[in-house]
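Structure record follows, encoded as C-alpha cells.
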Amino acid sequence: MIVVFRLDHRRVRDQRITTHCALVARAFGADVFIYSGDMDNSLEDSIREVNSKWGGKMVVEYTNNPIQSLRSYKRDGFRIVHLTMYGIPFEERVNELNDKLVIVVGGSKVPGEIYEIADYNLSIGNQPHSEVAALGIFMYNLRRSPDLSNAKIRIIPSERGKKIIRID
Ligand code: SAM
C-alpha cells in the first residue's frame, strides 16, 4: 500500500499544486492521498471526478494532526519517505523500499520533526524545485501502476492526435 502525504495545504495559494500532487499520486499508483493544513472539499471532489471518469480507487483523506498520523502509520509497519532537497539521493535507496510506504511532500515550511520521524530523507537532486516534480520522479521510479479497471474512458496511445475509447 502506497500513501502520499501532502503537508500544509493552503486552500487559496496551493489549490492547483496540491491537486497536481494528488493527480500524480493517483496516476502512479498511490492507494491513499492524505493532506494536512486547510481542509478543501473542492480538492477532494476533483479527484473523485477524475477517478470516476479515468478509473482508479485512490482515496483522499484529510488530517489536522500530520505528526500523529505519520506516527500511527509507522506503528502499523509503514516506512516513511520524506522527499526533501536536503536528503540523500533517492537513487541510493529506491530499490530497497517495499510496498508499505508513506511518501511525504512538504508545503511552504516543513517542521524539523518530519525529518526525525522519516525513515528516509531523500532528494531528487539537491536544488529547490517543486513537490509535484519531486513526487512524479520518485513515484515513476517505484514502477507501480494503478488499477484502472473501473475506467469509463481510456487513451489509445498514438503518434498524432487524440484517440480515446469509451467503456460502458
Ligand atoms: N521551504 C520548504 C522547507 O521548509 O523545506 C520546502 C518548500 S518546497 C517548494 C516544497 C516541497 O517540494 C518540499 O517540502 C519537498 O517535499 C519538495 N521538493 C522540492 N525540491 C525538492 C528536491 N530537490 N528533492 C526532493 N523534494 C523536493
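Counting convention: from 1, in listed order, for ligands and their atoms alike.
When non-hydrogen atoms are compared, ligand 1 lies under 4.0 Å from the backbone of S130 (N, CA, C, O) but not from its side chain. Residue contacts with ligand 1, taken as heavy atom pairs separated by less than 4.0 Å, do not involve L7 at all. Of all the heavy atoms of Q127, the ones lying under 4.0 Å from any atom of ligand 1 belong exclusively to the backbone.
Residue N51 holds its CG atom at 7.0 Å from CD1 of I47, rounded to the nearest 0.5 Å.
Put simply, the side chain of S130 gets close to the backbone of A133: a donor and an acceptor are under 3.5 Å apart. N121 places no side-chain N or O within 3.5 Å of a backbone atom of L83 that could act as its donor or acceptor partner. Side-chain atoms of S46 come within 3.5 Å of backbone atoms of L43 as a donor-acceptor pair (strictly under, hydrogens ignored). At distances below 3.5 Å, not a single donor-acceptor pair connects side-chain atoms of R75 with backbone N or O atoms of L70.
Checked by distance only, ligand 1 and P128 stay at 3.5 Å or farther apart across all their nitrogen or oxygen atoms. Between I124 and ligand 1, at least one pair of N/O atoms sits closer than 3.5 Å. Remark: ligand 1 and V105 share no N or O pair separated by less than 3.5 Å (distance only, no angle test).
Across all non-hydrogen atoms, the minimal contact from E131 to C21 is CG-SG, 3.7 Å.
If you check which protein heavy atom lies closest to atom 22 (C) of ligand 1, you get H129 NE2, 3.4 Å. The single protein non-hydrogen atom nearest to atom 16 (O) of ligand 1 is L83 O, 2.6 Å, given as residue, atom name and distance. The protein heavy atom nearest to atom 27 (C) of ligand 1 is A134 CB, 3.7 Å. When only non-hydrogen protein atoms are considered, atom 9 (C) of ligand 1 lies nearest to E131 OE1, 3.6 Å. Among all protein heavy atoms, the one lying closest to atom 4 (O) of ligand 1 is V110 N, 3.0 Å.
The side-chain hydrogen bond (donor to acceptor under 3.5 Å, both in side chains) check on R143 picks up Y140, with sequence neighbours excluded.
Listed by number with element, the atoms of ligand 1 under 4.0 Å from a non-hydrogen atom of T84 are 24 (N), 25 (C), 26 (N). Distances below 4.0 Å separate heavy atoms of K109 from the following atoms of ligand 1: 4 (O). The G125 neighbourhood of ligand 1 comprises atoms 22 (C), 23 (N), 24 (N), with distances under 4.0 Å to a heavy atom of that residue.
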N/O donor to acceptor pairs below 3.5 angstrom from side-chain atoms of residues 92-106, sequence neighbours left out:
unit_1 : atom_1 : unit_2 : atom_2 : d
E96    : OE2    : Y120   : OH     : 3.4
N98    : OD1    : K100   : N      : 2.9
D99    : OD1    : R144   : NE     : 3.2
K100   : NZ     : D76    : O      : 2.8

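With salt bridges taken as basic N to acidic carboxylate O contacts below 4.0 Å, one links K57 and D147.
In this structure, a donor-acceptor pair under 3.5 Å is present between the side chains of D8 and S108.
Between the choices C21, G107, S123, G106, the shortest heavy-atom distance to atom 7 (C) of ligand 1 belongs to G107.
The shell of residues lying under 4.0 angstrom from ligand 1, judged by heavy atoms, includes S108.
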